[in-house]
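Scope of the values below: all heavy atoms of this structure, side chains included, with no hydrogens, waters or symmetry mates. Just so we're on the same page: letters track the sequence lines, and every chain starts at 1.
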2 protein chains.
Amino acid sequence: MLARVRASGLKLTPQRLAIARELAGDPAHPTAQELFERLRPAMPTMSFATVYNTLDALAAARLCVSLSLSPGAARFDANMAPHNHAVCDRCGLVRDVPSCTNGEPLAEIAPCVNAAATGFSLRAVERIYRGVCASCAADVPTSGRSRAGKPR
Amino acid sequence: MLARVRASGLKLTPQRLAIARELAGDPAHPTAQELFERLRPAMPTMSFATVYNTLDALAAARLCVSLSLSPGAARFDANMAPHNHAVCDRCGLVRDVPSCTNGEPLAEIAPCVNAAATGFSLRAVERIYRGVCASCAADVPTSGRSRAGKPR
DNA sequence: TGGATACGTAGAATTTTTCTCAGGAGCAAG
DNA sequence: CTTGCTCCTGAGAAAAATTCTACGTATCCA
């Protein structure tokens, strides 16, 4: 992994190492804010901008991706294997879901996309499973107070 | 349509009407900012907060949805029929794509999601087609300067 | 028409993200 | 070793996106 960081022309700094490790060890897709708060005790001098800079650098090196699945802060994912995401409508929690129903190769889907968006060059298909996570379903199971205007 | 607005317990105001009409007439999924700028000439007294309030109200009434498909401002979609979205990695443009490969009923997918996220109550599956739109492919076709860290 | 309620306006406040600039550290060549 | 170059960090400010608050007003239903 260190090799992969350096192979990308990135310098290996303590901040990058800490952020990469924290991200790789957390399947819950933390936000930049969460990463910053978790790492601050260990690296009190690190600034917030460094978290963003580092995440951008890691993303450019294809070591993580940023996810904009729900309103609010972006979440970051160090899992670079193809997979999908389950997103809770209420709390915004994101869980990885393996691509278990994956059958269609891109080449099959592309014509369909191009019929609607002429000239669109398809790179990837992403699936988002919308719903309510177990812990949100447990709290206030009635009342339907889900946030309005959620992405479909 | 007016009936649908009122049926949702919403009052029909000129601002809501203008925003709903603008949204329904634009397949390009405008942002709140774009809506505000387009409507300001016609309604110079309208404030930015009104755009957000109105979009929230429309979304709560299931007359539109907000889309968080890429970093930056949320985009809004008045097309409430089931469909998917093609998103340009470079310019963020969003195009509707009919659900042409839709085969799997939710009940079939749910077990797969639950295997990864125990207790997740699946409501909808959304597909995002990532790629580069025709006009972005035309500009700077080489150079690979796409923004780093884009969502997968 | 009239009254209750919900809405719009404006500005400020919050949150999220990016930018700028001044050091500082690592690396290559001399 | 040291000089020079580049890339990185830190800090704050700035920009962008969204939400909140208060008060006057418009809208709806009867």
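- For the pair Asn53(B) CG and dA26(D) P, the computed distance is 18 Å after rounding to whole Å.
- dT17(C) atom C1' lies 16 Å from atom CZ of Arg75(A), rounded to whole Å.
- In this structure, Arg16(B) places its CZ atom 11 Å from C1' of dA26(D), rounding to the nearest Å.
- Shown here is Arg95(B), whose CZ atom has no more than 12 heavy atoms of other residues, nucleotides or ligands within 6.0 Å.
- Nucleic acid contact class of Ala57(A) (heavy atoms, under 4.0 Å, all strands): none.
- When heavy atoms are screened at a 4.0 angstrom cut-off, Thr45(B) is found touching the sugar-phosphate backbone but no base atom.
- Straight-line distance from the CZ atom of Phe76(A) to the C1' atom of dT17(C): 9 Å, rounded to whole Å.
- For the pair Arg40(B) CZ and dG8(C) P, the interatomic distance rounds to 18 Å; values are reported in whole Å.
- Between dT9(C) and Gln15(B), a contact under 4.0 Å exists linking OP1 or OP2 to a side-chain N or O.
- Residue Thr31(A) is classed as having no contact, given no heavy-atom separation below 4.0 Å to the nucleic acid.
- The listed nucleotides are dT18(C), dT18(D), dT9(D); the one nearest the side chain of Thr50(A) is dT9(D).
- Proximity note for Thr13(A) (side chain, C-beta onward) versus dT18(D), dT9(D), dT17(C): the nearest is dT9(D).
- Separating the CG atom of Leu12(B) from the C1' atom of dT5(C) is a distance of 16 Å, rounded to the nearest angstrom.
- Contact detail for Leu23(B) and Cys64(B): the closest heavy-atom pair is CD2-CB, 3.8 Å.
- Along DNA chain C, the nucleotide nearest Leu10(B) and the nucleotide nearest Tyr52(A) are compared for position; the residue whose nucleotide lies closer to the 5' end is Leu10(B).
- The NZ-P distance, from Lys11(B) to dG8(C), rounds to 10 Å in whole Å.
- Atom CE of Met43(B) is separated from atom P of dA10(C) by 12 Å (rounded to the nearest Å).
- Note that OG1 of Thr54(B) and OH of Tyr52(B) are 12.5 Å apart. Values are rounded to the nearest 0.5 Å.
- Checked against dG8(C), dT9(D), dC19(C), the side chain of Ala49(A) finds its nearest nucleotide in dC19(C).
- Summarising the geometry of Ser99(B) relative to His83(B), their closest heavy-atom pair is OG-CA, 3.4 Å, with the distance given to 0.1 Å.
- Toward the 5′ end of DNA chain D lies the nearest nucleotide of Pro44(A), the other residue of the pair Pro44(A) and Gln33(B) mapping further downstream.
- With 3.5 Å as the limit, one finds a donor-acceptor pair spanning the side chains of His29(B) and Asp96(B).
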